[in-house]
Amino acid sequence: MAQLWGGRFSGETDALMRQFQDSISFDVRLWQADIDGSMAYARALARAGVLTEEESDVIQDGLDAVRAEFAQQQFQLKPGDEDIHSAVERRLKELIGEVAGKLHTGRSRNDQVATDTRLWLKRNIATLRQHLTGLQAAIIATAQEHLNVIMPGYTHLQQAQPVRFSHWLLSYGWQFQRDKERLDDLTRRVDVLPLGSAAMAGNPFPIDRPALARDLGFAAVSSNSMDAVADRDYLLEFLSWAAIVQVHLSRLAEDLIIYSSREFGFVELDDAYSTGSSIMPQKKNPDSLELIRGKTGRVIGAMTGLFATLKGQPSTYNKDSQEDKEPLFDTVDTLNMTLPIAAGVIRTLKVNPSRIYDKMDSTMLATELADYLAQKGMPFRQAHHLVGQIVQQSIALDQPLNSFPLAAYQKFSPLFERDVHTWLTFNRAADRRNGIGGTGEGSVLEQIDLLREQAGLDDDPDDNQD
Ligand code: ARG
C-alpha cells in the first residue's frame, strides 16, 4: 500500500501499529477544512510560480470533485488512508493523475493539520457563540416572564435574603456573557495561519503567506515556523473555555435540580426535558440537567488530558499532538448539545410562586430589621447584635418576625414603632435593593436592558451572528 512516506521503507508497517497510528477514523471530520486549505495552497503555489495556472486549476477542479464525494457521502476510504490529508491526496491523484503530487510542494502535514484544525475550530466557534446567545435569550425571556416572583436567595444553601427569581436566573446570563467575551478573545489566537511553516523550518518556495491567509480568511500569519507547528495553546485555551462554560451550566443545572425536587417544588421541568423510571411509576427525573452536570466532568477531562499530552513534548511537532483532536471534537459535540438543552429547559420551565412563597422563612427579614434600626440611628453592629437576640426569641416563641408583636419589639428597643411591620415584607426587602446590580425591580429591569445589549439581543437581529 502506498503511504505518503513509503519511499524510504522496504518493510511493511505492523498491522496493529497501523491501526495504532491511523487518525482517519476521527480526523475525517476535517475534510472540508482540509480541502479548503489545499485549494488555497494550490492558488498560492500558482501565485508563487511553482505551479502553472493550468496545473493549479486541474488540482482545484480535482479537489472540488473530492469535496463533492465527501458531501454526498460517497468518498471511499482505502487501506493506507492514515489520516484525512493522505486520504484526500490519494483520491486527488486517482482523479487527476501525477500532477496531484505537486500540491504538497513546500508543505508538510505538520502545517497542514494545524491549519485544518484552526479552520475547523473557527467555524465551530461561530456556532457555539450562537448557542450561547440562544441560551441568554431563553434566560432573559424567562426572567421577564417571572420578573416579580420573589424567592429565597441562598448562601451556604441556607435561606439568606429575599431576591427576585429573575435576578437569580439573570446571574447565569452574565456568566454566559463573560463566556462569550472569553471566546471572542481566544478566537483572535485561533485566527492565525500556520500554513507556510512546512515541517518546522519554513517554506522554501516564495509563498505569499499574507495573501494565503486572506484567501483562507485568517486574520494573521504565524511568525515562527517552529512555534507554529507545535502550538496547541489555542486548543488549551478553547478547552479551558469550554470547561468554564460547563461549570456554569453545571451550577445552573444543580440549582434547578434542587429547586425542582419535591422538598423545594419551586419549579417544574417540562416533560420534554425529563424522563421517567422503569420501576417507579411516579418518577419524573431531571435527566437533562443531570447530564449537563455529568458531562462537565467529561469536558474538564478533555482539557486535563490535552494539558498532559503537551506537557513533556520536545520542540515542534511530535505524533503525540495527534491526540489533540478527539478531546476537541468531543468537547465541541458536547457543548453543541448542552447549550441548546439548557436553553430548552429554561424556556419551558414552570415556576410555582405560591409554593416558593410557602417556603420563605421570615428570618430572611432579619437584615431588614437591623437596617430599620440603623436607619433610625442605631450603629449597625449594635443593631445586628440586637436583632440576633430578637431572632432567637422569635424562634423560641415560634413567632415569625413579620408577626412578632410591636410591644415585644419595643422591649428590645424604643426605636421600634408602628411602621416596623410594613418594613418586614419580602417584596419590600427585595425592592429596597435598587442600586446597580441589586434585586429591586428597577435594577433588574435595567439589568435586563444591559444584558440584552451586551448579548447582542437588541433590535438588530444581525448582531448575534458573527
Ligand atoms: N495525522 C497527523 C496529526 O493529526 C497529521 C500530521 C502528521 N505529521 C507527521 N509528520 N507524521 O497530527
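The analysis underlying the following values was restricted to heavy atoms, covering all of them including side chains, and did not include hydrogens, waters or symmetry mates. Indexing begins at 1, ligand by ligand and atom by atom, following the structure's order. This chain uses plain numbering: 1 for the first residue, then up along the sequence.
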Among side-chain atoms of [X] and [Y], is any donor-acceptor pair under 3.5 angstrom?
| X | Y | result |
| --- | --- | --- |
| Ser38 | Arg107 | yes |
| Asn434 | Ser443 | yes |
| Asp83 | Ser86 | yes |

Distance to 0.1 Å, residue and atom name: give those for the protein heavy atom nearest to [atom].
| atom | value |
| --- | --- |
| atom 1 (N) of ligand 1 | Gln322 OE1, 2.8 Å |
| atom 4 (O) of ligand 1 | Lys325 NZ, 2.6 Å |
| atom 5 (C) of ligand 1 | Asp83 OD2, 3.5 Å |
| atom 7 (C) of ligand 1 | Tyr317 OH, 3.6 Å |

query: Does an N or O anywhere in Asn110 fall below 3.5 Å from an N or O of ligand 1?
result: yes
query: Against heavy atoms of Arg109, which atoms of ligand 1 measure under 4.0 Å?
result: 6 (C), 7 (C), 8 (N), 11 (N)
task: Would you mind running through ligand 1 and noting each atom that sits below 4.0 Å from a heavy atom of Ser23?
output: 1 (N)
task: Answer yes when Lys93 and Glu89 have at least one side-chain N-carboxylate O distance shorter than 4.0 Å, and no when they do not.
output: no
- prompt: Is any side-chain N of the basic residue among Arg29 and Asp34 closer than 4.0 Å to the acidic one's carboxylate O?
  reply: no
query: Leu169 versus Ser166: any side-chain heavy-atom pair under 4.5 Å?
result: no
